[in-house]
Amino acid sequence: MVPGSMRATTGELFPAPEGTPPARPACEGYASVVLNRPVRTQFTYGVPPQLAGRVRAGMRVAVPFGNRRHVGVVVGVPETPDVDPAKVRLLHEVLDEQPLVGDDLLALTRWMADEYACSWGEALHGVLPAALKRERGPARVLVVAAAPGVGPEQLAELEDRHPKQHRLLRTLLELGDEVELREVLRSLGLSESPARTLARRGLATLRRVVQRREELLTARSDRARPEQLTPDQRRAVDAVGNALAAGEATTFLLRGVTGSGKTEVYLRAIEQALERGRGAIVLVPEIALTPQTVGWFRSRFGEVAVLHSRMTDSTRLAMWQRVRAGEARVVVGARSALFAPLPDLGVVVVDEEHEPSFKQESTPRYHARDVAVRRAREAGAVCILGSATPSLESWHRAAAGDYRRLELPTRIGGAPMPPVDVVDVRAEPRGSTVFSRELRQRMESAVARGEQVILFLNRRGWAPVLWCRECKETVRCEQCDQALTFHQRLKRAVCHRCCEEVAPPAACPTCTAPALRYLGAGSERIEHELRALLPDARVLRMDSDTMRRREDYEQALDRFGRGEVDVLVGTQMIAKGLDFPRVTVVGIVSADVALHLPDFRAAERTFQLVSQVAGRAGRGELPGRIVVQTGAPEHPAIRLAAGHDFDGFCRWEDELRRELGYPPHGRLLRAVLEDEEEARVADAARDWAERLRAELPDALSVLGPAPAPIAFVRKRHRHHLLVKAPPDALEAFAAARSLLTDLAGRTSRPRATVDVDPASVL
Ligand code: ADP
Ligand code: ZN
């Protein structure tokens, strides 16, 4: 059944005009309704007689709000209103025959609203498939393509006068295929208007379609079911099985080194849940949601529902309904799959639980790992958090006994963890290439032996800095406080923050001297240098410039897997989950990119990255070797990652966090204020900080206000402040959270956001 296909209509199609007190018609009971608005309130509506008995919690309703009609979700059906009955307006329509959202998801979203400082309506809105947020059925999506016959000539005409249209058309020509408009605009940081203009000029075609091809839904890839589990896997699977049998909602932290067979533990845990008639949800980071991953689950369980944010509305809706009807008992997906309406949930798996992408960076700003733990507990289900490098938060909770620890300390087949050589780039001869002597030599001999190499650098483009030798200034984006990156293929200087680009200046924009130099290296330049170094090797670059579409990414990995590529160069896109037995050398061109970010998690992220990338080598019979280039070889994040010493790193980092009172030794709240006028931001931030300091208990510390590390984006100044609460100051934390929410709710300029447990403080 498509919710909304059967409607009960009151006949009242137009809302009561604002201000005219409605002549009170009789009403049969009331409905508490939440709306997708940042008002932390439930609204009471009367149920008109013709809808009596048809309104239940979890159904969508159309209601008058102000002088407009809104879709909301019923969260309760009180017999008496909590406001003056004379003021209660009648709801217009009930949009569902059955509750769309079960009691479990109602309770979960209510908790999320409190936890993550948003309204219940916003939390619910964030959870429903887009198609259910409107009244009518699934909207069609707009797809765009370059018009037939359009080519470089037309592109060149746009270059100088219409940079946005130029950027879009160039991308469409490169893609050569229809793409979803929303997606391409998002990746280019554009609004719809350049697309409309291109279409009007006949340079692009725009078309509405209901459904797009969804590659993931036909994914196949086999993973043989091993006859024998390793003793460590056996222990883990039994522990999960026992918890399921006993109906205990245990959370497990499964730490297993890369290649230790964590996925097999997930698969067996799900098997056990299914045997008991219970379902499973598996969350993976968006980037790891590949046909290969989905295929593993499908080859084991047949029917598997896939849910992720880039699906079209109608596909998502169809999936959602199949899950709700109990037709698919296993759900695999990115963050949002956590809210699949799966009846009788038995297992929730969060793979790569340390991944920052599990935190949503828009309202509701929830952390999917933490919500997963909550959802599993409420459902009496087992939760498995898996990673080779668990987050410090989870490590800490396991140490405190909140989570049960499961360990897979060795690789399947007993292959040793590969040795890691840390190369101090400061000791390399000056003016040499981006590759140290050691890295060069290891790559050369691996390729000569017919083995494969992975080279990692977390930075795209050719040169990340355009620097003037005369005045020592760096060329920056006019809209952001961000150095422009030179892209050789595009011949453009690009802002990686707002996506704007300009022709690279011939002279320094500050002092006009023709003395600009291109400093540093991104993946584009690495690829180039590699081709020069290894002219016979087949080199493939994977970053978001070369891999515009999901299919590109998958095809590239297939080619690498088939041995058609010798060296794979890439950004974080290649850091995860790749399992290629012929890779014997992995090089990290610079481990320092993330290390020096002004964020208290910089060391943790660097440790995780080096460990993850290092895990890509020596996965088969051939021994592997890792080369890490850095200017800070003695930094514990690097030294301990090189020694594969996870516990050592956690102890070191945990001690620092304890001293500073940062998570997991306390919780953080962050408020960010943004506006085009800096004075307005600074004043508001100061006022907020004063209010916080005056009204909050001394247990809390208020840091700031100060300009955020990323202080200027798209012409908006950003100031932030942090509230730090010790772990036991639960009430004080809640008070700070509601004060901040309150302040944010009453501010529209500057724009304000409140982030609870922020994943980044940049
Ligand atoms: P992880 O997720 O921990 O990195 P995987 O689950 O991908 O590791 O397992 C690594 C490899 O070992 C895979 O190719 C998998 O098929 C294989 N494998 C897993 N468990 C076993 C087992 N018990 N016996 C034999 N091979 C196994
Ligand atoms: Zn910019």
Side-chain angles (χ1 to χ4, degrees), residues 163-164 167 188-190 221-238 253-271 282 284-285 288 290 292-293 295-297 299-300 349-355 384-390 406-415 417-418 461 464 466 474-485 492-502 561 575-583 611-621 624 644 646 710-718:
K164 292 194 161 79
R167 191 144 39 105
L188 295 175
L190 293 174
S221 65
D222 283 340
R223 170 171 283 231
R225 188 172 188 279
E227 295 274 305
Q228 286 259 299
L229 294 178
T230 64
D232 291 319
Q233 283 177 321
R234 178 86 269 154
R235 251 193 305 280
V237 170
D238 287 348
L253 179 62
L254 174 65
R255 188 176 96 77
V257 297
T258 49
S260 61
K262 291 186 290 297
T263 309
E264 190 58 38
V265 173
Y266 307 151
L267 291 165
R268 299 282 174 123
I270 296 168
E271 271 175 24
V282 182
V284 299
T290 60
Q292 193 187 28
T293 314
W296 293 335
F297 291 90
S299 72
R300 204 64 74 82
V349 173
V350 183
D351 190 27
E352 308 283 3
E353 68 90 30
H354 64 281
E355 266 292 303
I384 307 174
L385 310 179
S387 174
T389 51
L406 301 170
E407 301 267 344
L408 305 178
T410 55
R411 289 182 154 185
I412 297 286
M417 293 308 285
L466 283 163
T474 299
V475 181
R476 291 180 182 275
C477 173
E478 283 182 11
Q479 309 202 56
C480 311
D481 184 29
Q482 164 82 20
L484 295 180
T485 298
R492 312 283 275 179
V494 180
C495 172
H496 284 182
R497 204 146 276 148
C498 72
C499 307
E500 290 292 330
E501 50 183 62
V502 293
K576 308 211 156 44
L578 310 187
D579 184 3
F580 298 110
R582 295 205 59 79
V583 174
S611 306
Q612 296 283 342
V613 176
R616 305 299 124 224
R619 311 251 310 183
E621 313 261 284
H644 304 291
F646 174 75
I710 298 175
F712 188 59
V713 176
R714 291 172 200 267
K715 295 193 169 146
R716 286 172 187 279
H717 297 272
R718 306 172 78 236

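Values below: every heavy atom of this structure, side chains too, minus hydrogens, waters and symmetry copies. For ligands, and for the atoms within them, numbers begin at 1 and follow the listed sequence.
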Next on the checklist: Surrounding CD of E407 (heavy atoms of other residues, nucleotides or ligands, distance under 6.0 Å), is the total greater than 12?
Outcome noted: yes
Next on the checklist: So if I count the atoms of ligand 1 from 1 in the order they appear, which ones are less than 4.0 Å from some heavy atom of S260?
Outcome noted: 1 (P), 3 (O), 8 (O)
Checklist entry - Do you know which of E352, E353, R255, H354 makes side-chain hydrogen bond (donor to acceptor under 3.5 Å, both in side chains) with S387? => result H354
Item to check | Step-by-step side-chain hydrogen bond (donor to acceptor under 3.5 Å, both in side chains) determination, Q479 to R714 | outcome: CA-CA 5 Å; Q479 309 202 56; R714 291 172 200 267; over 6 Å; no
Item to check | Main-chain N/O of P418 paired with H644 side-chain donor or acceptor, under 3.5 Å | outcome: yes
Checklist outcome for this item: ligand 1 atoms nearer than 4.0 angstrom to some heavy atom of Q228 are 22 (C), 23 (N), 24 (N)
Checklist outcome for this item: Distance filter < 2.8 Å from the Zn ion (ligand 2), protein N/O/S hits 4
Checklist entry - For atom 12 (O) of ligand 1, what's the nearest protein heavy atom and its distance? => result I412 CG1, 3.6 Å
Item to check | Closest approach of any protein heavy atom to atom 11 (C) of ligand 1, naming residue and atom | outcome: D579 OD2, 4.3 Å
Next on the checklist: With a cutoff of 4.0 Å, is G259 in contact with ligand 1, counting heavy atoms of the residue only?
Outcome noted: yes
Checklist entry - Taking distance alone, with no angle check, do G261 and ligand 1 share an N/O pair under 3.5 Å? => result yes
Checklist entry - With a 4.0 Å heavy-atom cut-off (strictly under), which part of Q233 contacts ligand 1: side chain, backbone, both or neither? => result side chain
Next on the checklist: Give the atom numbers and elements of ligand 1 that come within less than 4.0 Å of a heavy atom of T258.
Outcome noted: 4 (O)
Next on the checklist: I'd like to check the side-chain contact (heavy atoms from CB on, under 4.5 Å) partners of F712; sequence neighbours left out, ordered by chain and number.
Outcome noted: D481, K715, H717
Checklist entry - Just by distance, do the side chain of R492 and the backbone of T485 share a donor-acceptor pair under 3.5 Å? => result no
Item to check | Salt-bridge present (K164, E501; N to O < 4.0 Å) | outcome: no
Next on the checklist: Tell me if a side-chain donor or acceptor on Q233 pairs with a main-chain N or O of G261 at a distance below 3.5 Å.
Outcome noted: yes
Item to check | Heavy atom of V257, distance to ligand 1 below 4.0 Å | outcome: yes
Checklist entry - Does R718 reach the main-chain N or O of I710 with its side chain, forming a donor-acceptor pair under 3.5 Å? => result yes
Checklist entry - Under a 4.0 Å N-O cut-off, is there an ion pair linking R235 with D232? => result yes
Checklist outcome for this item: Quick note on ligand 1: atoms under 4.0 Å from a heavy atom of K262 include exactly 1 (P), 2 (O), 3 (O), 4 (O), 6 (O), 8 (O)
Checklist entry - Among protein heavy atoms, which sits nearest to atom 24 (N) of ligand 1, and what does the distance come to when rounded to 0.1 Å? => result P226 CB, 3.5 Å
Checklist outcome for this item: atom 7 (O) of ligand 1: closest protein heavy atom, distance to 0.1 Å, is R223 NH2, 3.3 Å
Checklist entry - If only atom types and distance count, is the side chain of T474 paired as donor or acceptor with the main-chain N or O of L466 below 3.5 Å? => result no
Checklist entry - Who's the nearest protein heavy-atom neighbour of atom 2 (O) of ligand 1, and how far? => result T263 OG1, 3.2 Å
Next on the checklist: Given 3.5 Å as the limit, does a donor-acceptor pair link the side chain of R616 with the main chain of V583, or not?
Outcome noted: no
